[in-house]
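Have a look at the structure below, then the notes.
If you read the sequence from its start, that first residue is 1, and numbering goes on from there.
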Amino acid sequence: MGESVSNDDVDLSVSNIVLTVGNSMMGDDGAGPLLAKMIKDNPISGWSVLEGGSMPEDCLHLIRKAQPQRVIVVDAADIGEQAGEVRIIDPETIVDMYVVSTHSLPLNFLIDDLKTFVPEVIFVGIQPAIVAFSFPLTEMVQTAVKTIYQRLPEWQGSGGFEHC
């Protein structure tokens, strides 16, 4: 873990983009970077991935350039569930909940901006067990990331995940 993926060679001609958020040096906040690495290592047809790290807003110019039909934002989020649970977080809910924030800008601002030029924006939150410096990703969160990865090829609507 801990290695980051470059956004330099991202295929911007696809209609689906996964924007991962998080810090791989902060335990389960590394869920997003792990998903980015999985997609980079084993690409999924019709999808590209951008690793946003702790400043996902820095990827907005690439997403604008791509003009995708759908962007799925994936991040660790304290959604009050068991560690490793995955939920679709409605934009109205983001403001009212504590989203694990190792980020420079609140995610609701990013998502609101994306919605001005992307037809479908979905925020997928993974409940972390621990977010602390130098801790590894927990097994529950790794399993959640694998589940998201496996659902991407056939993703429809909420990807089969519940809303919170």
Side-chain angles (χ1 to χ4, degrees), residues 4-24 29-77 79 81 84-97 99-128 141-164:
S4 163
V5 214
S6 167
N7 290 330
D8 293 342
D9 58 348
V10 173
D11 177 5
L12 297 178
S13 67
V14 297
S15 58
N16 301 294
I17 292 177
V18 174
L19 174 60
T20 63
V21 183
N23 182 337
S24 58
D29 194 42
L34 174 61
L35 181 59
K37 183 169 178 8
M38 290 173 76
I39 296 170
K40 286 278 188 168
D41 290 349
N42 296 291
I44 298 169
S45 178
W47 289 88
S48 282
V49 64
L50 290 168
E51 185 175 13
S54 58
M55 295 177 59
E57 62 275 11
D58 287 353
C59 294
L60 281 172
H61 72 285
L62 294 171
I63 298 170
R64 267 187 214 285
K65 184 176 176 183
Q67 291 296 305
Q69 290 302 299
R70 173 175 29 196
V71 172
I72 296 179
V73 179
V74 179
D75 191 14
I79 51 178
E81 298 288 340
E85 287 293 314
V86 177
R87 294 287 184 273
I88 304 300
I89 303 173
D90 297 316
E92 318 75 67
T93 312
I94 298 170
V95 180
D96 298 331
M97 69 185 339
V99 174
V100 173
S101 192
T102 58
H103 328 308
S104 57
L105 184 72
L107 286 179
N108 58 309
F109 292 130
L110 172 76
I111 289 168
D112 288 348
D113 195 4
L114 284 169
K115 286 185 170 201
T116 64
F117 63 94
V118 178
E120 186 179 6
V121 179
I122 301 164
F123 178 30
V124 178
I126 303 170
Q127 176 67 51
V141 170
Q142 288 180 45
T143 299
V145 170
K146 288 176 190 162
T147 300
I148 294 168
Y149 174 83
Q150 291 166 349
R151 291 190 186 181
L152 285 173
E154 305 299 322
W155 191 284
Q156 294 294 319
S158 298
F161 296 110
E162 291 179 37
H163 285 249
C164 71

* Structure fact -> From the list I122, V21, L35, side-chain contact (heavy atoms from CB on, under 4.5 Å) partner of V74 resolves to L35

Taking the side chain from [X] and the backbone from [Y], do they hold a donor-acceptor pair closer than 3.5 Å?
{"X": "N7", "Y": "E51", "value": "yes"}
{"X": "Q127", "Y": "E81", "value": "yes"}
{"X": "Q67", "Y": "R64", "value": "yes"}
{"X": "S48", "Y": "L12", "value": "no"}

* To do: Could you walk me through whether Y149 and V18 pass side-chain contact (heavy atoms from CB on, under 4.5 Å), step by step?
  => CA-CA 10 Å; Y149 174 83; V18 174; over 6 Å; no

Do [X] and [Y] make a side-chain contact, defined as non-hydrogen atoms from C-beta onward lying under 4.5 Å apart?
{"X": "L114", "Y": "V73", "value": "yes"}
{"X": "V10", "Y": "K40", "value": "yes"}
{"X": "L34", "Y": "V141", "value": "no"}
{"X": "T147", "Y": "V86", "value": "no"}

Between [atom1] on residue [X] and [atom2] on residue [Y], distance to nearest 0.5 Å:
{"X": "L19", "Y": "C59", "atom1": "CG", "atom2": "SG", "result": "5.5 Å"}
{"X": "R70", "Y": "I17", "atom1": "CZ", "atom2": "CD1", "result": "11.5 Å"}
{"X": "I89", "Y": "N108", "atom1": "CD1", "atom2": "CG", "result": "11.5 Å"}
{"X": "T20", "Y": "M38", "atom1": "OG1", "atom2": "CE", "result": "12.0 Å"}
{"X": "L152", "Y": "S45", "atom1": "CG", "atom2": "OG", "result": "12.0 Å"}
{"X": "D58", "Y": "L110", "atom1": "CG", "atom2": "CG", "result": "10.0 Å"}

* Fit a plane to each ring of W47 and W155, take the angle between them on a 0 to 90° scale, and name the class: parallel (under 30°), tilted (30 to 60°) or perpendicular (over 60°). => perpendicular

Do you know the tightest heavy-atom contact between [X] and [Y]?
{"X": "P68", "Y": "V118", "answer": "O-CG1, 3.8 Å"}
{"X": "D29", "Y": "P33", "answer": "O-CD, 3.8 Å"}
{"X": "E120", "Y": "G157", "answer": "OE2-O, 3.9 Å"}
{"X": "A36", "Y": "V49", "answer": "CA-CG2, 3.7 Å"}
{"X": "G125", "Y": "I79", "answer": "O-CD1, 4.1 Å"}
{"X": "C164", "Y": "D90", "answer": "O-OD2, 3.6 Å"}

* To do: Could you please spell out the steps behind the side-chain contact (heavy atoms from CB on, under 4.5 Å) verdict for N16 and I44?
  => CA-CA 10 Å; N16 301 294; I44 298 169; over 6 Å; no

